[in-house]
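Proteins get letters first, then strands, A, B, ... in listed order; numbering begins at 1 in each.
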Amino acid sequence: MYNLKELRKNLDDIKKKLQNRNIDFDINNFKTIDSLNRDLINKKEKLEQEKKSLSKSKDKANFERSKKITQEISDLEKKQSISQSEIDKIIFSLPNLAHDDVPIGRDEKSNKLIKKKGDIKKFTFSAKSHIELGERNQNIDFDTSIKLSGSRFVVLKDKFAMLERALINFMLDTHVNEFQYTEISPPLIVNEDVMFGTGQLPKFEEDQFEIKFDNSDQRKFLIPTAEVVLTNLVRKSIIEKNLLPKRFVASTPCFRKEAGSYGKDTKGMIRQHQFYKVELVSIVEPNKCLNELERMLGCAESILEKLEIPYQVVLLSSGDMGFSAEKTYDIEAWIPSENKYREISSCSSCGSFQARRMGAKYKSESGNDFVGTLNGSGLAVGRLMIALLENNQNEDGSINIPNVLKNT
RNA sequence: GGAGAGGUGGCCGAGUGGUUGAAGGCGCACGCUUGGAAAGCGUGUAAACGGGAAACCGUUUCGAGGGUUCGAAUCCCUCUCUCUCCGCCA
């Protein structure tokens, strides 16, 4: 979400930048509504000013005029709240602008490869997919999950369930002990405002699981990522500067409808309605966002390095980034059965975009200012399991468990 | 589920119809004091929106919405959230 004043000043520039994000911003429409809105505000304020001065005296001669003004104000208010909500509708749905270092492009074809790490193992046999590896002992059981819940869910059993738990512990321990993140155990159900804060609403409602909670009008949602709760930990607050940066880590299930991805990755555990993810969130002074992004990327990478899984880092193009991001790195792990890299983490700086939506500020030298927020997967557990299983498989279908996991 | 209490500034907390954006305290900032610190003293310290290059000006805001009134933090209604007790339960 932008500052309206800034938006007005740089309309043409912002339109151009939004084009890089594949958004066609209608300047004229915005100008029309905005000027109407401001006109109504001005008229209303003038009347309010008069009313205020009248009500300071107890002179009965003014009562009649004052009464009339009250009515006029209430009429103007109704009109203004309509034009206001039209403006809100427009600006709440505009994505963040890409930072200057972001490559400009329509889609993932313009993404920029930053680095490759690790050696891709040459198997002397044909590498099996995680599905085949899981079927060996029925440790990945889709037959049962279909019966329980439908497609895009999974039942993990025995050693595989334990492996999932070990990976979560390993990642949490690493981020807490090595990188000074504070571990959080958050709610998985949040209200509408929280979803708005990080940008899931209003634009991406169709991908969220809304749950029937009670008979009140308050809407509740299952979190699609711990980013939502961790970032909103600072919502509607003003933080002392010396308490920044704040760094949070949590492992939570994530719930996504995956609307619009029908037919994509239908087999296996790559794309699920429910999956565990270890999530990193940083709350920083806004000018430190880009440094923090590099740091966060390093934290996520370190997991793959410790597990000796080959990966590459990609800088997303303006058209491929998520709604709230100003700059995003994806980490892609090598998946032998697909003979390609697949996304296993996404680390983004959101600048002050989410902070504005949440009302999250800190005390700076020049007064209160919005904080910067960052989020990154550190890492997606399901996909990490796939990468680990497939990269560490033996010909007989057994798996070599890395030493770093053995004590967790 | 039953009963009660309460939502006021970064925090705590006064305030039951008329210059109350709001006493007092804490915190914070600056200054004085000190060899230095603490204490003490003094001054300052809300946000949102609109106008302005800026200084600054204006309006709004005491959980949210509606009502009464010339005038509402204060009265009435609805909603919401939090807390306490009882019941139930992991």
Side-chain angles (χ1 to χ4, degrees), chain A residues 1-11 13 30-92 185-197 201 210-221 229 232-244 246 253 283 285-286 352-371:
Chain A
M1 191 164 83
Y2 318 138
N3 181 333
L4 257 185
K5 279 187 177 180
E6 298 295 312
L7 179 61
R8 280 185 202 116
K9 270 188 218 158
N10 309 301
L11 271 177
D13 190 37
F30 172 78
K31 274 187 180 164
T32 309
I33 299 171
D34 185 49
S35 70
L36 168 71
N37 188 46
R38 281 196 284 174
D39 191 42
L40 290 168
I41 290 173
N42 278 327
K43 281 182 184 151
K44 189 180 74 164
E45 288 189 355
K46 282 216 178 86
L47 287 172
E48 280 167 343
Q49 198 171 355
E50 193 183 342
K51 178 178 169 178
K52 200 173 179 180
S53 71
L54 287 180
S55 69
K56 278 177 185 167
S57 83
K58 295 175 193 173
D59 186 352
K60 286 196 174 159
N62 293 327
F63 286 6
E64 214 34 51
R65 171 66 184 152
S66 183
K67 203 170 179 177
K68 201 177 162 207
I69 289 176
T70 306
Q71 183 57 47
E72 284 175 38
I73 289 176
S74 131
D75 291 346
L76 280 169
E77 258 170 5
K78 275 174 199 146
K79 284 185 198 159
Q80 195 259 324
S81 84
I82 292 170
S83 59
Q84 185 67 51
S85 68
E86 279 179 49
I87 288 178
D88 289 348
K89 209 165 130 194
I90 293 170
I91 62 167
F92 289 169
S185 174
L188 308 179
I189 295 171
V190 297
N191 64 35
E192 199 174 356
D193 294 340
V194 167
M195 293 287 273
F196 174 83
L201 294 179
E210 180 172 4
I211 60 169
K212 173 133 179 68
F213 194 77
D214 55 24
N215 291 324
S216 88
D217 291 338
Q218 289 279 318
R219 304 176 72 191
K220 305 272 190 198
F221 297 85
V229 255
N232 274 283
L233 288 178
V234 298
R235 71 177 287 107
K236 291 195 189 300
S237 66
I238 300 175
I239 302 165
E240 296 292 341
K241 188 179 163 184
N242 60 12
L243 296 177
L244 296 178
K246 283 176 183 276
I283 311 296
E285 293 170 52
S352 59
F353 185 84
Q354 294 178 323
R356 285 178 195 285
R357 293 176 153 250
M358 297 188 299
K361 298 191 164 185
Y362 77 107
K363 290 188 179 177
S364 77
E365 295 80 359
S366 54
N368 297 341
D369 195 10
F370 292 105
V371 297

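When atom types are taken as modelled, the side chain of R235(A) and the backbone of M358(A) share no donor-acceptor pair closer than 3.5 angstrom. With N42(A) contributing its side chain and E45(A) its backbone, the two residues share no donor-acceptor pair below 3.5 Å.
For the P atom pair drawn from rA39(B) and rG58(B), the interatomic distance equals 38 Å after rounding to whole Å. Going from the P atom of rC26(B) to that of rG13(B) covers 15 Å, rounded to whole Å. Annotation: rU74(B) and rU8(B) have their P atoms spaced 14 Å apart (nearest Å). Across the P atoms, rA22(B) and rU45(B) are found 10 Å apart, a figure rounded to whole Å. Across the P atoms, rU84(B) and rU61(B) are found 33 Å apart, a figure rounded to whole Å. rC81(B) and rG63(B) have their C1' atoms separated by 7 Å, given to the nearest Å. Between rG15(B) and rA37(B), the two C1' atoms lie 39 Å apart (nearest whole Å). rA47(B) and rC11(B) have their P atoms separated by 12 Å, given to the nearest Å.
At least one side-chain heavy atom of E48(A) sits under 4.5 Å from a side-chain heavy atom of E77(A).
Counting only Watson-Crick and G-U wobble pairs whose two distances sit under 3.5 Å, RNA chain B takes part in these stems of three or more pairs: B:1-7 with B:80-86, B:10-12 with B:24-26, B:27-32 with B:40-45, B:46-51 with B:56-61, B:63-67 with B:75-79.
Rounded to a whole Å, the NZ atom of K68(A) is 15 Å from the P atom of rG71(B). Atoms CD (E6(A)) and C1' (rG50(B)) sit 16 Å apart, rounded to a whole Å. The interatomic distance linking R219(A) (CZ) with rU80(B) (P) rounds to 16 Å, in whole Å. Taking atom CD1 of residue I69(A) and atom P of nucleotide rC70(B), one finds them 13 Å apart after rounding to whole Å. Atom CG of N3(A) and atom C1' of rG50(B) are 13 Å apart (whole Å). Atom CZ in R356(A) sits roughly 10 Å away from atom P in rA48(B) (whole-Å rounding). When the C1' atom of rA48(B) is taken as reference, atom CG of L4(A) falls 12 Å away, rounded to whole Å. For the pair D39(A) CG and rG50(B) C1', the computed distance is 12 Å after rounding to whole Å.
With sequence neighbours excluded, no residue forms a side chain to side chain donor-acceptor pair (under 3.5 Å) with R356(A). In this structure, D193(A) has no salt bridge (Lys or Arg N to Asp or Glu O under 4.0 Å) partners at least two apart in sequence or on a different chain. Every salt bridge (Lys or Arg N to Asp or Glu O under 4.0 Å) that E50(A) has, sequence neighbours left out, goes to R65(A).
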* Could you go step by step and tell me if D75(A) and K79(A) meet the salt bridge (charged side-chain N to carboxylate O under 4.0 Å, His left out) rule? -> CA-CA 7 Å; D75(A) 291 346; K79(A) 284 185 198 159; over 6 Å; no

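Once rounded to the nearest 0.5 Å, the distance linking CD of E6(A) with CG of D13(A) reads 11.0 Å. Atom CG of L47(A) sits about 10.0 Å away from atom CD of Q49(A), to the nearest 0.5 Å.
Distance from the side chain of F63(A) is smallest for rC70(B) among the nucleotides rC70(B), rG50(B), rA48(B).
At the phosphate of rG50(B), OP1 or OP2 sits under 4.0 Å from a side-chain N or O atom of R8(A).
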Without placing hydrogens or testing angles, list every side-chain donor-acceptor pair under 3.5 Å for residues 80-92 of chain A, not counting sequence neighbours.
| from | atom 1 | to | atom 2 | distance (Å) |
| --- | --- | --- | --- | --- |
| Q80(A) | NE2 | N37(A) | OD1 | 3.1 |
| Q80(A) | NE2 | Q84(A) | OE1 | 3.2 |
| S81(A) | OG | K78(A) | O | 3.2 |
| S83(A) | OG | N37(A) | OD1 | 2.7 |
| S83(A) | OG | Q80(A) | O | 3.0 |
| Q84(A) | OE1 | N37(A) | ND2 | 3.1 |
| Q84(A) | NE2 | D88(A) | OD1 | 3.3 |
| S85(A) | OG | S81(A) | O | 3.4 |
| S85(A) | OG | I82(A) | O | 2.9 |

Reading nucleotides 53-69 of chain B from 5' to 3' and marking B where a protein heavy atom lies under 4.0 Å of the base, S where only the sugar-phosphate is that close, and - otherwise, the string is -----BBS---------

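Nucleic acid contact class of K236(A) (heavy atoms, under 4.0 Å, all strands): none.
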